[in-house]
Amino acid sequence: MSLIVQKYGGTSVGTIERIEAVAAKVAAASSRGDRVVVVVSAMSGETNRLIKLATDIDQRPDPREMDVLVSTGEQVTIALLCMALKKIGCPARSYTGGQIRILTDQAHGKARILDIDDAPVRADLEAGRVVVVAGFQGVDEDGNITTLGRGGSDTTAVAMAAALKADECQIFTDVDGVYTTDPRVEPKARRLDRITFEEMLEMASLGSKVLQIRAVEFAGKYNVPLRVLSSFEEGGGTLISFEDEGMEEAKISGIAFNRDEAKLTILGVPDQPGVAHEILGPVAAANIEVDMIVQNIAEDDTTDFTFTVHRNDYQKALEILEANASRLKAREVHGDDAIVKISLVGVGMRSHAGIASTMFETLAKDGINIRMISTSEIKISVVVDEKYLELGVRALHDAFELSGEMDP
Ligand code: ASP
Ligand code: MG
């Protein structure tokens with residue numbers, strides 16, 4: 001008998017019909033003898049609707065009251081799902097985050113889970129009941145309702161699975177798994193049967209939005225096997241777990257890309273100790289996150305310095321650089337917010353030389369100019385002009401044979 005945690009996202013519980021379909025799936029798992037804990041999101045669109053109500057009153061609503069408000073979405077779903085389960089003869093009981101004491105810190109709107117009281121859940125499971133838990137919410141030590149950040153129900157599911165030492169945490173969503181790349185960009189993209197936590201983290205942080213990053217980190221930390229599956233179609237989905245022997249063959253698992261990038265260059269700054277800090281210090285002080293950083297070899301005692309930021313921070317970062325340019329004795333400041341980052345991700349990369357050269361060769365063949373490059377153990381990223389995104393991703397997908405089809 002295994003213990004599984006299943007999480008259903010907003011679209012999967014978006015209507016009464018869908019909630020009834022979820023109930024049927026849950027009841028089927030339960031009647032196979034599995035002990036099932038279900039975590040649900042709010043019905044699709046509901047969290048946004050609630051946020052709009054609040055911002056119609058105040059653009060910056062009180063954070064405590066905001067959490068009281070937005071946590072109600074999930075409370076609706078747990079009740080409806082339990083009703084649907086009982087109607088088809090499956091005993092079930094719902095709990096809000098506060099009721100099972102999903103204890104979090106006090107950071108309203110982005111709280112972190114500290115502890116979960118698994119005793120009431122275990123008692124229900126022993127009694128043969130399905131336990132339905134509201135995702136996205138918890139309670140702080142003073143009993144205030146907190147929420148975990150957008151997409152936080154994934155994290156609730158993983159945390160429940162970790163606390164209960166579940167055999168698997170299954171995330172049911174509107175896609176049937178994790179793909180080699182975004183199928184909207186490359187229709188030949190293939191669903192992966194398996195991927196490692198490390199790779200999934202890179203894919204998630206590089207802009208593939210299947211899972212909340214925090215949920216993947218949590219699952220990796222507590223070694224919770226995580227599976228992404230479709231709530232609408234049958235299939236094995238994608239299992240996210242630690243590396244094992246069977247996974248060694250692929251050099252590259254996937255291609256991630258990020259359209260939300262912008263780059264800034266400050267030219268002709270003195271090549272002296274402290275300059276990097278003087279350039280980036282004010283940027284960091286403005287709470288702007290910097291991603292890639294490149295500094296040129298100095299020529300005539302000056303150097304050029306380029307870095308990337310989120311596109312939303314572009315204007316602000318540019319203003320900061322321009323304001324500091326004369327103090328830094330810079331010759332010029334440049335910016336470009338029509339760039340994208342494309343990354344190859346794969347644990348197999350560690351043991352295979354030549355991945356980078358194949359990547360650069362492939363892009364060169366299509367006349368795609370690489371503006372920046374960065375590498376880590378399991379990833380190589382390039383920055384290219386936005387207009388080359390589709391072409392670049394498809395060319396790389398072919399070059400690394402990710403579609404898994406034989407050449408005709
Ligand atoms: N309902 C929340 C949101 O829309 C949490 C979640 O769905 O995971 O962000
Ligand atoms: Mg979600």
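For the numbers below, each heavy atom of this structure counts, side chains included, while hydrogens, waters and symmetry mates do not. Note that the structure is predicted; figures quoted are calculated from it, not measured.
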Visitor: Within the structure provided, determine whether Ile378 and Thr196 are in side-chain contact (heavy-atom separation under 4.5 Å).
Guide: no
Visitor: Is there a side-chain contact between Leu363 and Tyr388, using heavy atoms and a 4.5 Å cut-off?
Guide: no
Visitor: Could you give the distance from OG1 (Thr15) to CE (Met43), rounded to the nearest 0.5 Å?
Guide: 6.5 Å
Visitor: Are the side chain of Gln137 and the backbone N or O of Thr147 linked by a donor-acceptor pair below 3.5 Å?
Guide: no
Visitor: Hey, are the side chains of Val40 and Leu80 touching, using non-hydrogen atoms and a 4.5 Å cut-off?
Guide: no
Visitor: Between Thr77 (side chain only) and Ser41 (backbone N and O only), is there a donor and an acceptor less than 3.5 Å apart?
Guide: yes
Visitor: Tell me, which pairs form a ring-ring contact (aromatic ring centres under 6.0 Å, His included) where one or both residues lie in residues 219-238, sequence neighbours left out?
Guide: Phe218-Tyr222
Visitor: So, taking the atom named NZ in Lys341 and the one named CG in Asn258, what distance separates them when rounded to the nearest 0.5 Å?
Guide: 6.0 Å
Visitor: Can you tell me if Gln212 and Thr155 form a side-chain donor-acceptor pair at under 3.5 Å?
Guide: yes
Visitor: Ignoring hydrogens and geometry, is there a side-chain-to-backbone donor-acceptor pair from Thr358 to Gly354 under 3.5 Å?
Guide: yes
Visitor: Mind running side-chain contact (heavy atoms from CB on, under 4.5 Å) on Lys7 and Cys169 for me, showing each step along the way?
Guide: CA-CA 8 Å; Lys7 181 257 171 177; Cys169 179; 5.6 Å; no
Visitor: Other residues, nucleotides and ligands only: do more than 12 of their heavy atoms fall within 6.0 Å of CD on Glu332?
Guide: yes
Visitor: Can you find a side-chain donor-acceptor pair between Glu186 and Thr181 that sits under 3.5 Å?
Guide: no
Visitor: Taking all non-hydrogen atoms of both residues, which atom of Asp67 and which atom of Ile145 are closest, and how far apart?
Guide: CB-O, 3.4 Å
Visitor: Counting only N and O atoms by type, is there a donor-acceptor contact under 3.5 Å from the side chain of Asp142 to the main-chain atoms of Asn144?
Guide: no
Visitor: Not counting sequence neighbours, which residues clear side chain to side chain contact (heavy atoms under 4.5 Å, CB included) with Asp62? List them please.
Guide: Arg64, Glu65
Visitor: Please report the shortest heavy-atom distance between Val333 and Ala325, naming the atom on each side.
Guide: CG2-CB, 3.9 Å
Visitor: Between Glu199 and Val345 (side chain of the first, backbone of the second, donor and acceptor by atom type, cut-off under 3.5 Å), is there such a pair?
Guide: no
Visitor: Got a donor-acceptor contact below 3.5 angstrom from the Arg101 side chain to the Val139 backbone?
Guide: no
Visitor: Could you give all pairs that pass the side chain to side chain donor-acceptor pair (under 3.5 Å) test and reach residues 267-290, with sequence neighbours left out?
Guide: Glu278-Arg327
Visitor: Which heavy atom in Ile78 sits nearest to a heavy atom in Thr96, and how many Å separate them?
Guide: CD1-N, 3.9 Å
Visitor: Measure the shortest side-chain to side-chain distance between Thr180 and Leu192 over non-hydrogen atoms and say whether it is less than 4.5 angstrom.
Guide: yes
Visitor: Between Phe172 and Tyr8, what is the ring plane arrangement, given parallel below 30°, perpendicular above 60°, and tilted in between?
Guide: parallel
Visitor: Return the CD1 to NZ distance between Ile255 and Lys379, rounded to the nearest 0.5 Å.
Guide: 14.5 Å
Visitor: Keeping the roles fixed (side chain from Thr306, backbone from Thr265), state whether a donor-acceptor pair exists under 3.5 Å.
Guide: no
Visitor: So, do Val269 and Ile279 sit near enough that their side-chain heavy atoms are less than 4.5 Å apart?
Guide: yes
Visitor: Pair Val175, Arg191 - check side-chain contact (heavy atoms from CB on, under 4.5 Å), show working.
Guide: CA-CA 10 Å; Val175 295; Arg191 184 179 56 77; over 6 Å; no
Visitor: Salt bridge (Lys or Arg N to Asp or Glu O under 4.0 Å): which pairs involve residues 157-174, sequence neighbours left out?
Guide: Glu168-Arg227
Visitor: Listing request: all salt bridge (Lys or Arg N to Asp or Glu O under 4.0 Å) pairs with a residue in residues 39-55, at least two apart in sequence or in separate chains.
Guide: Glu46-Arg49, Lys52-Asp56
Visitor: Please name the residue in the list Val309, Thr308, Asp336 that meets the side-chain contact (heavy atoms from CB on, under 4.5 Å) test with Leu264.
Guide: Val309
Visitor: Can you name the side chain to side chain contact (heavy atoms under 4.5 Å, CB included) partners of Asn312, sequence neighbours left out?
Guide: His310
Visitor: Where is the tightest heavy-atom contact between Leu239 and Pro225, given as atom of each residue plus distance?
Guide: CD1-CB, 4.3 Å
Visitor: Is there a donor in the side chain of Arg194 and an acceptor in the side chain of Ser241, or the other way round, less than 3.5 Å apart?
Guide: yes
Visitor: For Ile116 and Ala163, which heavy atoms make the closest approach, and how far apart are they?
Guide: CB-CB, 4.0 Å
Visitor: Can you tell me how far CD1 of Ile339 sits from CG of Leu389, rounded to the nearest 0.5 angstrom?
Guide: 11.5 Å
Visitor: Compare all side-chain heavy atoms of Glu202 with those of Ser376 and state whether any distance is below 4.5 angstrom.
Guide: yes
Visitor: Testing the basics here: between Leu85 and Ala23, what is the closest heavy-atom pair and its distance to 0.1 Å?
Guide: CD2-O, 3.4 Å
Visitor: I need the full list of side chain to side chain donor-acceptor pair (under 3.5 Å) pairs touching residues 362-371, with sequence neighbours left out, sorted by first then second residue.
Guide: Arg371-Asp385
Visitor: Is the shortest side-chain heavy-atom distance between Glu141 and Gln106 below 4.5 Å?
Guide: yes
Visitor: State which residues pass side-chain hydrogen bond (donor to acceptor under 3.5 Å, both in side chains) with Asp117; sequence neighbours excluded, sorted by chain then number.
Guide: none
Visitor: Once salt bridge (Lys or Arg N to Asp or Glu O under 4.0 Å) is applied, what residue pairs with a partner in residues 304-314 remain, sequence neighbours excluded?
Guide: Arg311-Glu386
Visitor: Between Val275 and Phe305, does a side-chain contact (heavy atoms from CB on, under 4.5 Å) hold up when you go through it step by step?
Guide: CA-CA 10 Å; Val275 168; Phe305 195 95; 5.7 Å; no
Visitor: Test side-chain contact (heavy atoms from CB on, under 4.5 Å) on Met292 and Glu261 and set out the steps.
Guide: CA-CA 10 Å; Met292 285 188 190; Glu261 302 263 327; 5.8 Å; no
Visitor: According to side chain to side chain contact (heavy atoms under 4.5 Å, CB included), who are the partners of Lys110, at least two apart in sequence or on a separate chain?
Guide: Ala107, Arg214
Visitor: Just wondering, more than 12 heavy atoms not from Asp300 lying within 6.0 Å of its CG?
Guide: yes
Visitor: Test: salt bridge (Lys or Arg N to Asp or Glu O under 4.0 Å). Region: residues 349-360. Which pairs qualify, not counting sequence neighbours?
Guide: Glu198-Arg350, Glu243-Arg350, Arg350-Glu377
Visitor: Once you round to the nearest 0.5 Å, how far does CD1 of Ile240 lie from CE of Met200?
Guide: 5.0 Å
Visitor: Out of curiosity, Leu148 CG to Thr156 OG1, how far, rounded to the nearest 0.5 Å?
Guide: 4.5 Å
Visitor: Can a donor-acceptor pair be found between the side chains of Gln315 and Asp337 at a distance below 3.5 Å?
Guide: no
Visitor: Are any non-hydrogen side-chain atoms of Val121 and Met160 less than 4.5 angstrom apart?
Guide: yes
Visitor: With sequence neighbours excluded, what pairs up with Asp118 under the side chain to side chain contact (heavy atoms under 4.5 Å, CB included) test?
Guide: Arg122, Leu164
Visitor: Have Ser2 and Asp34 got a donor and an acceptor in their side chains that come within less than 3.5 Å?
Guide: yes
